[in-house]
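Quick notes on the structure that follows.
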Protein chains: 2
Amino acid sequence: MEDVLFDFIARYISLTEEEKKALIDLDLFHSAKKGAVLLEEGQRSKQGYFVLKGCIRTHYTIEGVEKTTAFFTEMEGLTPPCVLDGKPSTYAVSCVEDTILTISDPSMEAEIFQKFPKFETMCRVLSEELLVKQQMDFDAFKTSSPEQRYLDLLEKRPDLIQRVPQYQLASFLGIQPQSLSRLRARVVEKSKH
Amino acid sequence: MEDVLFDFIARYISLTEEEKKALIDLDLFHSAKKGAVLLEEGQRSKQGYFVLKGCIRTHYTIEGVEKTTAFFTEMEGLTPPCVLDGKPSTYAVSCVEDTILTISDPSMEAEIFQKFPKFETMCRVLSEELLVKQQMDFDAFKTSSPEQRYLDLLEKRPDLIQRVPQYQLASFLGIQPQSLSRLRARVVEKSKH
DNA sequence: CACCCTTCTTAACTTAAGTGAAGGAATTTG
DNA sequence: CAAATTCCTTCACTTAAGTTAAGAAGGGTG
């Protein structure tokens, strides 16, 4: 499983054996079962997650109803706000599938950045890229209808539609599960024509 | 105007006079008039922007209609996707007000990162913070109605509602200008009762 | 294999946003 | 200061999402 991470890192920087060993020694690798909760609402955690295989999601409980806002699959990472601001987490993180992931915290990052500065460069580049990507996703969300957002998802992340329950997809798309169900029926009807 | 930037940086790292001078020597500081276009749709620019005073926005032209998706005011920065991917820009950037800002490019960053590594640490921390903040904004957008989003904006960014035209605010909130107008009338009516 | 619980679909009704059009501020410009 | 343009509001109508409820389908467990 380590190799999956190292292959990903190799896209950005090249690692010596020494550096790989330092990473492995941090004991980053974990696995979790489908449904397992990695972070609960209200918890003050310092853990960041990076998915190697599987899928995790962030979800809120709003007026008693669960709302899923984001999914993270292979080679995607998440740092919850509580890691940076120290406040109780506003959302929960749990596994959509059996998942293998790395779990790290700021002290582990500080240690590795200090030993190998190029790691920090990689993390800067990564988070700049993510920021830009997310801004584009947000823009696309704002400028399109639920139906268009669903069609875009069908095209760009067909896997998500397969691996995630509809009611989680619905709130991810910013609508109610019933609306997603109706919307899909509408789309099928149109494509029949 | 330099001092505004240095005060901001001082929140993250402390600068020597030498470092301040290196920054000033990069010739970062610019001013632009209200309405000025900093980046046009389709352009391949390598410029990033950081607002010291004033306001800029990103906007798309979709089926002939302008859609504003984001505003950047004092101490907020924007790196357009084209800077990272080299493709023609999908959106335009222009000034909502007369604006003083820094304009930089990757080569300037590389130069300063090389001379003073702590700048890179600051940029990493900044973009990690921004990423987290934006994820929360996106989550809030997905989980609330246009009316709730407007009320949240009233509370968290009352200045934006003052300084930005309604039709730009509307698409920022993900709705049509007419809907924002109606929604505001509804809110006023409710608060009267 | 049968039961249970979760998830998905359908339907009828309500509410709010989209659309097209027109008129009224407000701001800019000659 | 008047004309022009841009921006905002209102209205009537259409379309789609929210809501409430009920039942069907699917998966997991004893």
Side-chain angles (χ1 to χ4, degrees), chain A residues 33-37 55 57 59 61-68 71 94-98 141-154 160-192, chain B residues 33-37 55 57 59-68 71 94-98 141-154 160-193:
Chain A
K33 288 276 170 206
K34 175 176 175 176
V37 177
C55 180
R57 68 187 172 110
H59 49 103
T61 304
I62 297 175
E63 295 174 20
V65 181
E66 181 187 290
K67 303 277 184 183
T68 296
F71 299 101
S94 52
C95 297
V96 174
E97 306 168 345
D98 289 357
F141 193 95
K142 282 183 177 176
T143 55
S144 53
S145 64
E147 179 170 328
Q148 193 56 53
R149 299 200 285 259
Y150 174 74
L151 293 173
D152 290 349
L153 195 67
L154 256 184
L160 263 193
I161 295 181
Q162 296 309 315
R163 63 207 291 195
V164 164
Q166 300 286 323
Y167 75 97
Q168 291 175 15
L169 269 185
S171 54
F172 177 70
L173 292 170
I175 59 177
Q176 301 300 315
Q178 300 92 318
S179 299
L180 177 55
S181 194
R182 172 171 48 196
L183 181 161
R184 294 175 72 215
R186 197 167 64 221
V187 166
V188 168
E189 200 50 44
K190 279 185 192 169
S191 70
K192 264 195 211 164
Chain B
K33 288 277 171 206
K34 176 176 176 175
V37 176
C55 180
R57 68 188 172 109
H59 49 103
Y60 296 74
T61 304
I62 297 175
E63 295 173 19
V65 181
E66 182 187 290
K67 304 277 184 184
T68 296
F71 299 101
S94 52
C95 297
V96 174
E97 306 169 343
D98 290 355
F141 193 96
K142 282 183 177 175
T143 56
S144 53
S145 64
E147 179 170 329
Q148 194 56 54
R149 298 200 286 259
Y150 174 74
L151 293 173
D152 289 349
L153 194 67
L154 256 183
L160 264 193
I161 294 180
Q162 296 309 315
R163 63 207 288 196
V164 164
Q166 300 287 321
Y167 73 98
Q168 291 175 16
L169 269 185
S171 55
F172 177 70
L173 292 170
I175 58 176
Q176 301 299 316
Q178 299 94 316
S179 299
L180 177 55
S181 195
R182 173 172 49 195
L183 182 161
R184 295 175 70 213
R186 197 167 65 221
V187 166
V188 168
E189 200 49 42
K190 280 184 191 167
S191 71
K192 261 194 210 164
H193 137 98

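All chains are named by letter (A, B, ...) in the order of the sequence lines, taking the proteins before the strands, and each is independently numbered beginning at 1.
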The residue, B:V164 or B:R182, whose nearest nucleotide of DNA chain D is more 5′ is B:V164
The bend of the helix from C:dC1-D:dG30 to C:dG23-D:dC8, taken between the axes of its five terminal pairs at each end and rounded to 10°, is 50°
Quick note, A:I175 side chain, CB onward, closest among D:dG18, D:dC8, D:dT10 is D:dG18
Test salt bridge (charged side-chain N to carboxylate O under 4.0 Å, His left out), reference B:E97, set B:R57, B:K33, B:K34, B:R163, output is B:R163
- At under 4.0 Å between heavy atoms, what does B:R186 touch on the DNA or RNA strands: base, sugar-phosphate, or nothing? sugar-phosphate
Check your understanding: Looking at B:Y150, is B:R184 sitting on its ring face, NZ or CZ under 6.0 Å from the six-membered ring centre and within 45 degrees of the normal?
Key -> no
Per atom distances to the A:L183 side chain, the nearest of C:dT7, C:dT9, D:dA17 is D:dA17
Per atom distances to the A:P146 side chain, the nearest of C:dA17, D:dT10, D:dA17 is D:dA17
Among D:dT9, C:dT10, D:dC7, the one nearest any side-chain atom of B:R184 is D:dT9
Between A:E147 and A:Q178, whichever has its closest DNA chain D nucleotide further toward 5' is A:E147
In whole angstroms, the gap separating P of D:dG28 from NZ of A:K33 amounts to 13 Å
Checklist entry - Hey, is A:K190 close enough to A:E147 for a salt bridge, meaning N to O under 4.0 Å? => result yes
Rounded to the nearest 0.5 Å, the CD1 atom of A:I62 sits from the OG atom of B:S144 at a distance of 8.0 Å
